[in-house]
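Encoded as structure tokens, the structure appears first; notes follow it.
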Number of protein chains: 2
Amino acid sequence: MRIGDLAAATGLSRDAIRFYEKAGLLDSARLGNGYRDFPPEAVPWLHYVRTAQTLGFTLAEIARHGERLRDAPDREEGLTALLAEKIAVIDERVAGLLALRADLAERVGSGCALRPGEAIVPDAARLLR
Amino acid sequence: MRIGDLAAATGLSRDAIRFYEKAGLLDSARLGNGYRDFPPEAVPWLHYVRTAQTLGFTLAEIARHGERLRDAPDREEGLTALLAEKIAVIDERVAGLLALRADLAERVGSGCALRPGEAIVPDAARLLR
DNA sequence: CTAAAGGGTGGAGTACGCTCCAAGGTCAAA
DNA sequence: TTTGACCTTGGAGCGTACTCCACCCTTTAG
């Protein structure tokens, strides 16, 4: 498929796709006229890339993941390990969010958000222009 | 406290603190010699800023939160509303992460990560240089 | 044949969140 | 008094992840 089709299928811009290719996230064949020719697998792969991005992975990290997949002697094992790793990252993030949530909820519920010495933002007005 | 003390207390660089001030995240008094003079509350406030940042809030958003705190006629009510809002955002984010986690876990656990037509990365090797 | 739609390249520009530097003022200890 | 630590400002530079643009070629429809 050509870049426009891939863009339509993924919701990405052509420029973004070219950028990903330059970043080593994506490789393409070329047609006789110089046009890029992407395999259909590029669609789920780019969806995966976007997902990983929203999880906070940089493009460089995602590219490294891709390399690991490519180099894995046993493809399935490599992918499983990668997914397990991602799950661990997610769990960490969720735990962090829940801890903060509990912290905030405690202050809200108890109506003591401004109790001296405990407030997150003890005197915000003094700190802001 | 002066900028060096605040930097030491928060683990931030002086440049970062000046940057935050410019960004409207922080206001400081000035000593007679022009040195910035931060109130001790700046320490927990900056910790809060960093926490919010790791949760994915941009500095602009955090600054807006701060402004709302400053402008709230009833300080305590304003803070409580803000915290409640943040909790809602956190809940959304957690839900998204957990959905993704379930999706990944399903593929890992079932050992069918590479089942044709369902694979996240059907043929990564073809897509990478 | 021509015009529009789509593709290619290179390079500039953008937003965010800083870091680093130069040039200079301030202050406390030796 | 001099040294050194600490402070000031302004501006440049950087990495990430793009977007936009100019300029040109290819393909397709009428």
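What you see is a predicted model, and the numbers here were worked out from it, not measured in a lab. To find a chain, count down the sequence lines: A is the first, B the second, and so on, and within it residues start at 1.
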Do the side-chain N or O atoms of [X] get closer than 4.0 angstrom to the phosphate oxygens (OP1, OP2) of [N]?
X     : N      : result
B/Y20 : C/dC18 : yes
B/R36 : D/dT8  : yes
B/S13 : C/dT19 : yes
B/R14 : C/dC18 : no

Between [X] and [Y], which heavy-atom pair has the shortest distance, and what is it?
X     : Y     : answer
B/S13 : B/A7  : C-CB, 4.3 Å
A/M1  : A/A9  : CE-CB, 4.4 Å
A/S28 : A/R36 : OG-CG, 3.6 Å

Mind checking [X] for me? I need base, sugar-phosphate or nothing, with any heavy atom below 4.0 Å counting as a touch.
X     : result
B/L31 : nothing
A/D15 : base
B/R18 : base

I need the [atom1]-[atom2] distance between [X] and [N], as an integer number of Å.
X     : N      : atom1 : atom2 : answer
B/E61 : C/dC16 : CD    : P     : 10 Å
A/I17 : C/dT9  : CD1   : C1'   : 17 Å
A/K22 : D/dT19 : NZ    : C1'   : 12 Å
B/I62 : C/dC18 : CD1   : C1'   : 14 Å
A/L46 : D/dA17 : CG    : C1'   : 15 Å
A/L12 : D/dC20 : CG    : C1'   : 17 Å
A/E21 : D/dC18 : CD    : P     : 15 Å
A/L25 : D/dT16 : CG    : P     : 12 Å

Nearest-neighbour nucleotide for the [X] side chain, [options] considered:
X     : options                : result
A/L59 : D/dT27, C/dT26, D/dA17 : D/dA17
B/F19 : C/dC18, C/dG7, D/dC18  : C/dC18
B/R2  : D/dC18, C/dG7, D/dC6   : D/dC6
A/N33 : D/dT27, D/dA17, D/dT8  : D/dT27
A/Q53 : C/dG17, D/dA17, D/dT19 : D/dA17

Side chain to side chain, B/T10 and B/R50, heavy atoms closer than 4.5 Å:
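They are not in side-chain contact.
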Scan A/D37, A/L12, A/L46 and name whichever one has a side-chain contact (heavy atoms from CB on, under 4.5 Å) with A/L6.
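In the set A/D37, A/L12, A/L46, the residue that makes a side-chain contact (heavy atoms from CB on, under 4.5 Å) with A/L6 is A/L46.
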Taking donor-acceptor contacts at under 3.5 Å, does the side chain of B/Y35 reach the base of C/dG25?
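Between C/dG25 and B/Y35, which were checked side chain against base, a qualifying N/O pair under 3.5 Å is present.
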For A/R50 and B/G34, find the nucleotide of DNA chain D closest to each by heavy atoms; which residue's nucleotide sits nearer the 5' end?
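First, find each residue's nearest nucleotide; the 5'-ward one identifies B/G34.
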Would you confirm whether A/W45, through its side chain, and A/P40, through its main-chain N or O, come within 3.5 Å as a donor-acceptor pair?
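Side chain of A/W45 to backbone of A/P40: no pair is present.
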Which sits closer to the 5' end of DNA chain C, A/I3 or B/A60, going by the nucleotide each is nearest to?
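Result of the comparison: A/I3.
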